[in-house]
Asker: 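What follows is a single structure, and I will ask about it in a moment.
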Amino acid sequence: MSAGGQPPDPRSISKAEKTGTTPAETEMTRPDAQPTASHFIDGAYVEDTGGDAIPVIYPATGETVATVHAATPAVVERALASAVRAQVEWAAMAPVARGRILRRAADLIRARNRELSVLETLDTGKPLQETLVADAMSGADALEYFGGLAADVTGATMQFGGDWAYTIRKPLGVCVGIGAWNYPTQIACWKAAPALATGNAMVFKPSETTPLCALKVAEILHEAGLPAGLFNVVQGRGPVGAALTTDARVAKVSLTGSVPTGRKVAAAAAGAMKHVTMELGGKSPILIFEDADMDDAVSGAINGNFYSSGQVCSNGTRVFVHESIAADFLARLTERVATATLGDPLDEAVNFGPMTTEAQLDIVLGHIARARAEGATVAAGGSRLDRPGFWIGPTILTDLTDDMACVREEIFGPVMSVLTFRDEAEALARANATDFGLSAGVFTRDLARAHRIAAALEAGTIWINQYNLTPAGMPFGGSKASGIGRENARMAMDHFTEAQTIYVGMGPVDSAY
Ligand SMILES: NC(=O)c1ccc[n+]([C@@H]2O[C@H](COP(=O)([O-])OP(=O)(O)OC[C@H]3O[C@@H](n4cnc5c(N)ncnc54)[C@H](O)[C@@H]3O)[C@@H](O)[C@H]2O)c1
Ligand SMILES: NCCCC=O
């Protein structure tokens with residue numbers, strides 16, 4: 001597909017800059033991000049400076065805004081020991097009382113949304129315009145949802161003509177949550193809420209890149225009345241996650257992260273037959289048919305590629321457009337992308353932020369360089385922006401083939417690959433030709449086609465005429481290499497409990513001798 005000319009690069013002119021807000025003024029509104037201490041264990045902040053120092057960098061400027069320390073073995077031990085102790089009483093508590101605490105935490109989060117959103121922005125670099133609606137609020141939704149469901153964990157009965165059996169769902173015990181860096185508050189809440197609602201304790205290790213927000217979640221849960229020890233946060237890199245995963249007291253590990261890390265964590269957990277939930281990466285397709293509402297399709301592709309600067313696991317980074325509308329689609333897409341407002345993410349007028357880390361920016365730039373070398377056309381963006389921090393604009397690649405690395409591999413940045421197709425069968429086959437299977441989207445006005453395609457797509461979550469919306473009541477997770485299990489909805493309650501079967505004999509016991 002031809003780019004049809006190079007559109008204006010949507011570079012660094014934010015509304016803040018246009019309205020004359022100076023960096024110094026923005027700085028004054030920035031709160032102190034340094035947490036009271038690195039870890040939150042047994043209801044209190046805990047520090048142990050013996051662990052490696054981990055700087056927290058504000059991606060918009062590259063400045064260090066806080067420092068935490070990785071958990072030492074002693075800190076990991078305190079977290080696990082307090083979780084083991086606390087879980088026993090928590091599991092014995094009336095489920096409705098557990099739910100009440102989670103719902104109170106949801107209310108507290110909503111009341112403090114702005115403060116939490118600013119922290120999420122400092123942690124990740126995502127625009128405040130996004131974090132105000134998508135992060136703490138999504139965490140609150142999960143706590144409210146699972147708080148409401150806590151009293152509704154039920155088993156089943158089976159009749160055998162006299163004898164009968166029933167099942168009860170029991171908590172697993174101590175669960176470990178391990179987070180990625182793109183949605184630190186949301187990930188902590190999506191894991192904590194179903195785990196706690198069903199009577200488990202959780203030790204949560206945030207990503208070393210974004211360690212701040214989970215501490216606030218812990219603080220709020222305890223303020224809401226959660227007994228000490230039930231939600232502990234320990235900081236650290238891979239080795240701390242590995243130490244938690246392999247500890248014999250841990251019954252389950254729920255990881256949000258990349259496929260390579262997922263393989264390691266699932267393998268380590270399998271050694272001791274631990275339960276796992278794996279929320280991993282993707283290279284999801286969006287199929288746009290000739291009868292689609294063009295504005296909605298463009299909006300879906302923008303949301304599915306450039307929200308959070310492309311750092312969303314479920315992004316639809318392979319956009320397959322019917323050849324008859326491809327030129328129009330690309331023209332409208334590039335025109336709208338050119339209006340993105342880049343600038344200080346704390347300015348609410350800004351709607352496109354930096355990459356969260358310089359390392360991830362380098363990975364993205366490497367993918368774009370390779371795509372160019374393989375013959376791709378860069379229709380928008382494509383290079384590092386000349387400003388402090390880790391910036392690249394929304395990038396659109398065209399003139400692609402399915403075997404190019406940028407079309408096959410997860411980039412995890414604001415890079416959309418636009419491809420064309422001729423018919424439904426071809427689009428479907430190409431969409432499914434990947435080891436990933438996290439998500440997919442289809443834009444068409446033909447309802448029969450929409451449902452036929454959705455059923456045939458090999459992905460855990462499909463959006464029809466929408467993209468990337470994840471309400472708490474909807475299961476979310478991946479097929480194929482993109483994961484095991486589902487987060488949210490009732491299914492998550494099943495993943496944090498196991499069935500115990502009780503057979504009831506109602507008559508005499510027969511025996512052979
Ligand atoms: N499916 C989802 O819901 C979802 C959501 C967000 C992000 N993701 C994926 O996450 C990736 C980006 O996040 P990332 O770069 O933080 O991922 P990552 O795999 O590098 O790290 C994820 C977490 O695993 C920890 N970790 C690393 N090695 C470990 C080990 N051996 N044992 C235990 N823990 C270990 C890290 O410290 C981090 O906390 C992308 O692939 C993205 O698609 C998936
Ligand atoms: N809102 C869902 C985000 C999950 C992946 O990054």
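These values consider heavy atoms only, across backbone and side chains, with no hydrogens, waters or symmetry-generated copies. First listed ligand is number 1; within each ligand, the first listed atom is number 1. Residues: numbered from 1 along the sequence shown.
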Asker: State, yes or no, whether a side-chain contact exists between Ile187 and Asn182 at a heavy-atom distance under 4.5 Å.
Answerer: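 Yes, their side chains come closer than 4.5 Å.
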Asker: Distance under 4.0 Å to a non-hydrogen atom of Glu208: what atoms of ligand 1 satisfy this?
Answerer: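 Ligand 1 atoms under the 4.0 Å threshold to Glu208: 36 (C), 37 (O), 38 (C), 39 (O).
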Asker: Which atom pair, heavy atoms only, marks the closest approach of Ser482 to Gly282?
Answerer: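 The pair with the smallest heavy-atom distance is OG-CA, 4.0 Å.
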Asker: Starting at CZ of Phe443, measure out to CG of Asp293 and round the result to the nearest 0.5 Å.
Answerer: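 Here the interatomic distance stands at 9.0 Å.
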Asker: For Ser482, is at least one N or O under 3.5 Å away from an N or O on ligand 1?
Answerer: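 No, since none of the N or O atoms of Ser482 sits under 3.5 Å from an N or O of ligand 1.
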Asker: Heavy-atom distances under 4.0 Å decide this one: backbone, side chain, both or neither, for Asn182 against ligand 1?
Answerer: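 Side chain only; the backbone of Asn182 stays clear of ligand 1.
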Asker: In terms of atom number and element, which parts of ligand 1 are under 4.0 angstrom from non-hydrogen atoms of Lys205?
Answerer: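 So the answer, numbered in order with elements, is 36 (C), 37 (O), 38 (C), 39 (O).
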Asker: Can you sort out which atoms of ligand 1 are near Gly281, meaning under 4.0 Å from one of its heavy atoms?
Answerer: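 Under 4.0 Å from Gly281, ligand 1 has these atoms: 41 (O), 43 (O).
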Asker: Taking side chain as C-beta onward, heavy atoms only, is Leu419 less than 4.5 Å from Asp402?
Answerer: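 Yes - at least one pair of side-chain heavy atoms lies under 4.5 Å apart.
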Asker: For ligand 2, indicate whether the residue Val312 contacts it via side chain, backbone, both or neither (heavy-atom separation under 4.0 Å).
Answerer: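 Both of them.
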Asker: CG of Asn432 to CD of Glu458: how many Å apart, nearest 0.5 Å?
Answerer: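 Reported value, rounded in 0.5 Å steps: 3.5 Å.
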Asker: Identify, for atom 5 (C) of ligand 1, the protein heavy atom at the shortest distance, and state residue, atom and that distance.
Answerer: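 The protein heavy atom lying closest is Thr256 CG2, 3.0 Å.
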Asker: On a heavy-atom basis, I'd like to know which of Gly257, Gly282, Pro239 is closest to atom 10 (O) of ligand 1.
Answerer: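 That would be Gly257.
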Asker: Quick one, Lys126 with Glu120, criterion salt bridge (charged side-chain N to carboxylate O under 4.0 Å, His left out). Give me CA distance, side-chain angles, the key distance, then yes/no.
Answerer: CA-CA 7 Å; Lys126 294 187 295 182; Glu120 174 99 12; 3.2 Å; yes
Asker: If we only count N/O pairs under 3.5 Å, is Glu410 in contact with ligand 1?
Answerer: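 There is such a contact, yes.
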Asker: For ligand 2, note which part of Asn468 has a heavy atom under 4.0 Å away: side chain, backbone, both or neither.
Answerer: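 Within the 4.0 Å criterion, Asn468 makes no contact with ligand 2.
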Asker: Within the side chain of Ser207, is there an N or O that forms a donor-acceptor pair under 3.5 Å with the backbone of Thr209?
Answerer: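 Looks like yes, one N/O pair under 3.5 Å.
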Asker: With heavy-atom distances below 4.0 Å as the criterion, list the atoms of ligand 1 near Ser207.
Answerer: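 Listed by number with element: 39 (O).
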Asker: Please identify which atoms of ligand 1 are closer than 4.0 Å to at least one heavy atom of Trp181.
Answerer: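 The list of qualifying atoms is 13 (O), 14 (P), 15 (O), 16 (O).
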Asker: Tell me: protein heavy atom nearest atom 42 (C) of ligand 1, and distance?
Answerer: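 For atom 42 (C) of ligand 1, the nearest protein heavy atom comes out as Phe412 CE1, 3.3 Å.
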Asker: About how many Å separate CD1 of Ile57 and CD of Glu63, when rounded to the nearest 0.5 Å?
Answerer: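 Between Glu63 CD and Ile57 CD1, I get 10.5 Å after rounding to 0.5 Å.
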Asker: List the closest protein heavy-atom neighbour of atom 5 (C) of ligand 2: residue, atom name, distance to the nearest 0.1 Å.
Answerer: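 The closest heavy atom on the protein side is Cys313 SG, 2.1 Å.
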Asker: Using a 4.0 Å cutoff against the non-hydrogen atoms of Arg237, which atoms of ligand 1 qualify?
Answerer: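 Counting atoms of ligand 1 from 1, those under 4.0 Å from Arg237 are 37 (O).
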Asker: Is there a polar contact, in the sense of an N or O pair closer than 3.5 Å, between Ser314 and ligand 2?
Answerer: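 Between Ser314 and ligand 2 (N or O atoms, distance only) the closest approach is not under 3.5 Å.
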Asker: Please list, in number order, the atoms of ligand 1 under 4.0 Å from a heavy atom of Thr261.
Answerer: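 Checking each atom against Thr261, I get 18 (P), 19 (O), 20 (O), 24 (O), 26 (N), 27 (C), 28 (N), 29 (C), 35 (C).
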Asker: Both conditions, 6.0 Å and 45 degrees, for the charged tip of Lys252 above the ring of Phe496: are they met here?
Answerer: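 Relative to the ring axis of Phe496, which defines the angle, Lys252 lies inside both limits.
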Asker: Please report whether the ring centroid of Phe40 lies less than 6.0 Å from that of His222.
Answerer: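 Between Phe40 and His222, which both carry aromatic rings, the centre distance is below 6.0 Å.
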Asker: Considering non-hydrogen atoms of the protein only, which is the closest contact for atom 1 (N) of ligand 2, and what is the distance?
Answerer: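 Of the protein heavy atoms, Thr470 OG1, 3.2 Å lies nearest.
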Asker: Are any side-chain N or O atoms of Thr395 and backbone N or O atoms of Val415, one a donor and one an acceptor, separated by less than 3.5 Å?
Answerer: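 Not a single qualifying donor-acceptor pair exists.
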Asker: Within the structure, does Gln311 bring an N/O atom to less than 3.5 angstrom of an N/O atom in ligand 2?
Answerer: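 No.
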Asker: So do Ile286 and Tyr467 actually touch side chain to side chain, heavy atoms under 4.5 Å?
Answerer: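 In contact.
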Asker: Which bit of Leu255 gets closer than 4.0 Å to ligand 1, counting heavy atoms only: side chain, backbone, both or neither?
Answerer: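 Contact part for Leu255 vs ligand 1: side chain (C-beta onward).
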Asker: Any N or O of Phe476 that comes nearer than 3.5 Å to an N or O of ligand 2?
Answerer: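 N/O-N/O distance below 3.5 Å does not exist for this pair.
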Asker: Do you know which two heavy atoms are closest between Leu385 and Leu342, and how far apart they sit?
Answerer: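 It is CD1-CD2, 3.3 Å.
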Asker: Among all protein heavy atoms, pick out the one at the shortest distance from atom 30 (C) of ligand 1; state its residue, atom name and that distance to 0.1 Å.
Answerer: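 Here the closest protein heavy atom is Gly238 O, 3.7 Å.
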Asker: With heavy atoms under 4.0 Å as the rule, classify the contact between Glu487 and ligand 1 as side chain, backbone, both or neither.
Answerer: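 Within the 4.0 Å criterion, Glu487 makes no contact with ligand 1.
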Asker: Would you mind telling me if ligand 1 is within reach of the side chain of Tyr183, the backbone, both or neither, using heavy atoms under 4.0 Å?
Answerer: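 The answer is neither.
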Asker: Donor-acceptor check, side chain of Asn200 to backbone of Cys175, threshold 3.5 angstrom: yes or no?
Answerer: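 Here the side-chain-to-backbone pair does not exist.
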Asker: Could you identify the single nearest non-hydrogen protein atom to atom 17 (O) of ligand 1 and state the distance to 0.1 Å?
Answerer: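 Looking only at protein heavy atoms, the one closest to atom 17 (O) of ligand 1 is Ser258 N, 3.5 Å.
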Asker: Would you call Lys283 and Glu409 a salt bridge, using N to O less than 4.0 angstrom?
Answerer: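 No.
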Asker: I need the nearest protein heavy-atom contact for atom 13 (O) of ligand 1: residue, atom name and distance, please.
Answerer: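 The protein heavy atom lying closest is Ala180 CB, 3.3 Å.
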Asker: Output yes when Arg486 and Glu279 qualify as a salt bridge under the 4.0 Å nitrogen-oxygen rule, no when they do not.
Answerer: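 The answer is no: the pair does not qualify as a salt bridge.
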Asker: Looking at Phe476, which atoms of ligand 1 are within less than 4.0 Å of one of its heavy atoms?
Answerer: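 It comes down to these atoms of ligand 1: 3 (O).
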Asker: Give me the residue, atom name and distance of the protein heavy atom closest to atom 2 (C) of ligand 1.
Answerer: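 So the nearest neighbour among protein heavy atoms is Cys313 SG, 3.2 Å.
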Asker: Give the residue and atom name of whichever protein heavy atom lies nearest to atom 25 (C) of ligand 1, and the separation in Å to one decimal.
Answerer: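 For atom 25 (C) of ligand 1, the nearest protein heavy atom comes out as Ile178 CG2, 3.7 Å.
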Asker: Considering distance alone, does some N or O of Lys264 sit under 3.5 Å from an N or O of ligand 1?
Answerer: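 Between Lys264 and ligand 1 (N or O atoms, distance only) the closest approach is not under 3.5 Å.
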Asker: Closest non-hydrogen protein atom to atom 38 (C) of ligand 1, residue and atom name please, with distance?
Answerer: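 Protein heavy atom with the smallest distance to atom 38 (C) of ligand 1: Gly179 O, 3.2 Å.
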Asker: Below 3.5 Å, can you tabulate the donor-acceptor pairs from side chains in residues 360-367 to any protein atom, sequence neighbours excluded?
Answerer:
unit_1	atom_1	unit_2	atom_2	d
Gln360	NE2	Ile411	O	3.0
Gln360	NE2	Phe412	O	3.0

Asker: Measuring from atom CG of Asp344 to atom CZ of Arg30, what distance do you get when rounded to the nearest 0.5 angstrom?
Answerer: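 These two atoms lie 6.5 Å from each other.
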Asker: Between Val265 and ligand 1, which part of the residue brings a heavy atom under 4.0 Å of the ligand: side chain, backbone, both or neither?
Answerer: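 Under 4.0 Å from ligand 1, Val265 contributes side-chain atoms alone.
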Asker: With distance as the sole test, does Gln129 use its side chain to make a donor-acceptor pair with the main-chain N or O of Glu348 at under 3.5 Å?
Answerer: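 Yes; at least one donor-acceptor contact below 3.5 Å.
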Asker: Measure the distances from the heavy atoms of Gln186 to every atom of ligand 2 and state whether one is below 4.0 angstrom.
Answerer: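 Yes, Gln186 has heavy atoms under 4.0 Å from ligand 2.
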